[in-house]
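Notes follow once the structure below has been shown.
We count ligands from 1, going down the list as the structure has it; atoms in each ligand are counted the same way.
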Amino acid sequence: MICVLTGGTGGAKFVDGLRQVMPPEEITLVVNTGDDLMWWGLYVSPDIDSITYVLSGLLSRERGWGVKGDTFLCLQAMGQLGEPTWFHTGDRDLAVHLLRSRLLAEGKTLSEATSVICDKLAVKAHILPMSDSRVETRVDTPIGELSFEEYFVQRWYQDPVNSVRFAGASDAEPAPGVIDAIVSAHAVLIAPSNPVTSIGPILAVPGIREALCRAQGKVIAVSPIVANAAVAGPAGILMAAEGLPCSIAGIARAYEDFLDVLIADTRDAGAAEALRGNGLRVQCTQTIMRSAEDKMALAKTVLSFAAAGLLSDKPAARAAAPFGSVND
Ligand code: GDP
């Protein structure tokens, strides 16, 4: 079993490759819920949705979110009724939000609702929200505090950022299965997701950082920063707001208390050498995922780093990985 910490579009691309090179039932995903929002009275969990759609083959790869081939008739109708339309949700996507909202209203937890939806969509991997409690990413800007979706989708991340906080995190608990998945996995992979607003909320849930520190398998992160810039989105801006350099060194620092191996892009070979001098294992490979082949190649490479002699300093029993089952 491997465990993947993920959120957002970078994570969805990585998981898209992973599901094609190993049996999905051997993957447990711990997913960011800091971006969750109430939209038109419905509970929307953008990162859980993206991962669910990736794993069920429904994701629109063009958009990177939502269901492929979806229509937007409800969005249009809501606009005609004078309702807000800045957060786009397609008609089939909306069906998932309706079902989740009904399950939550009936008293199910977010984990339970996620599991029901995954069963219905024949998802074989295990998707776990980071927590069943509400943890909300709040972005402090000169115009006031915004939710992540207000900052990112409504305002196109144009506002300067003072800081980011995770409201509710200190009282939250990891969702059932999260700690065990991290501690007992043969490897824990941190997807190339935004370290501040996609992985940050997961790490803010009490107990999760500690679990990563005592994970039996190696903790391996893929850098979302290539050549000192985010491949897409506001990761660089948000890292600067948190005092982290926008570089692979910044990624290493964000995860420094539990990171065993950093996978960086070949374009960062020089910076990788400097990090190695500080004692971190850094492996360089092609990390830009443009095509299905790129995604699968990156996933295979990361799994091979996880399974290979790289891990030779783990005790034998802990290093034994089930990657004999990786599909070719
Ligand atoms: P957000 O867009 O900043 O909210 O971040 P997400 O967590 O949604 O994922 C986007 C992150 O993935 C960004 O930090 C990107 O730099 C990174 N990313 C997107 N595509 C790729 C890729 O092909 N390769 C790598 N290494 N990172 C990527």
Side-chain angles (χ1 to χ4, degrees), residues 4-18 29-37 45-51 53-54 59 61-66 87 130 137-139 146-159 161 164 166 189-203 220-242 244-248 250-252 254-255 262-268 271-272 282-299 301-302 305:
V4 185
L5 270 52
T6 181
T9 53
K13 282 162 77 179
F14 180 66
V15 172
D16 200 7
L18 208 53
L29 301 116
V30 176
V31 183
N32 170 43
T33 59
D35 302 358
D36 292 9
L37 71 162
S45 190
D47 288 359
I48 289 190
D49 290 335
S50 293
I51 287 298
Y53 297 150
V54 163
L59 185 80
R61 287 186 172 135
E62 291 72 41
R63 288 195 304 271
W65 54 268
F87 187 80
M130 63 190 202
T137 300
R138 306 287 301 169
V139 183
L146 304 172
S147 73
F148 181 75
E149 296 300 348
E150 287 166 339
Y151 164 74
F152 184 67
V153 180
Q154 185 178 22
R155 301 181 59 83
W156 292 78
Y157 53 95
Q158 296 303 306
D159 301 281
V161 176
V164 176
F166 307 112
L189 310 181
I190 302 186
S193 301
N194 187 320
V196 178
T197 50
S198 289
I199 304 297
I202 303 177
L203 300 178
I220 302 174
V222 181
S223 177
I225 303 295
V226 173
N228 300 327
V231 177
I237 300 165
L238 294 164
M239 288 174 76
E242 294 301 293
L244 295 167
C246 178
S247 63
I248 62 166
I251 300 296
Y255 304 147
L262 178 64
I263 310 284
D265 197 82
T266 42
R267 279 186 264 171
D268 286 305
V282 188
Q283 292 290 326
C284 292
T285 188
Q286 153 72 275
T287 68
I288 300 295
M289 297 170 281
R290 289 197 189 89
S291 64
E293 290 72 30
D294 293 341
K295 292 175 192 167
M296 283 162 62
L298 179 60
T301 305
V302 172
F305 288 147

Decide whether N228 and S247 meet the rule of one side-chain donor and one side-chain acceptor closer than 3.5 Å.
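N228 vs S247: no donor-acceptor pair found between side chains.
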Among all the protein's non-hydrogen atoms, which is closest to [atom], and how far away is it?
atom	value
atom 4 (O) of ligand 1	F148 CZ, 3.5 Å
atom 23 (O) of ligand 1	M289 N, 2.8 Å
atom 20 (N) of ligand 1	K13 NZ, 2.9 Å
atom 8 (O) of ligand 1	T9 N, 2.8 Å
atom 5 (O) of ligand 1	N194 CB, 3.2 Å

Run the numbers for me: atoms of ligand 1, each under 4.0 Å from some heavy atom of [X], listed by number.
X	answer
S193	7 (O)
G7	7 (O)
A230	16 (O)
T287	22 (C), 23 (O), 24 (N), 25 (C), 26 (N)
G8	6 (P), 7 (O), 8 (O)

What distance do [X] atom [atom1] and [Y] atom [atom2] have between them, rounded to the nearest 0.5 Å?
X	Y	atom1	atom2	answer
I220	Q283	CD1	CD	9.5 Å
E149	L37	CD	CG	5.5 Å
D47	L29	CG	CG	11.5 Å
I248	D268	CD1	CG	4.5 Å

May I ask which of A232, G233, A235 has a heavy atom nearer to atom 13 (C) of ligand 1 than the others do?
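Closest candidate by heavy-atom distance is A232.
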Minimum non-hydrogen distance to atom 27 (N) of ligand 1, winning option of V231, D294, I288, L238
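Going through V231, D294, I288, L238 one by one, V231 has the nearest heavy atom to atom 27 (N) of ligand 1.
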Would you check the N or O atoms of [X], main chain and side chain alike, for any that come under 3.5 Å of an N or O of ligand 1?
X	result
G10	yes
G11	no
F152	no
P192	yes
T197	no

Take every heavy atom of P234, measure it against each atom of ligand 1, and state whether any distance is under 4.0 Å.
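Checking ligand 1 against P234, which is what was asked, there is a heavy-atom contact under 4.0 Å.
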Any atom of ligand 1 sitting under 4.0 Å from a heavy atom of Y157?
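Contact absent.
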Which of parallel (below 30°), tilted (30 to 60°) and perpendicular (above 60°) describes Y157 and Y151?
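Tilted, since the angle between the ring planes falls between 30° and 60°.
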Using a 4.0 Å heavy-atom cut-off, which part of [X] comes near ligand 1: side chain, backbone, both, or neither?
X	result
R290	neither
S223	backbone
S198	side chain

Whether [X] side chain and [Y] backbone form a donor-acceptor pair below 3.5 Å:
X	Y	value
Q286	D294	no
E293	S291	no
D265	T287	yes
Q158	R155	no
T33	D36	no

Looking at every non-hydrogen atom in both residues, tell me the closest pair between M289 and P192 and how far apart they are.
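Heavy-atom minimum between the residues: CE-CG, 3.9 Å.
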Can you name the nearest heavy-atom pair linking N32 to G7, along with the distance?
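Closest heavy-atom pair between N32 and G7: CB-CA, 4.2 Å.
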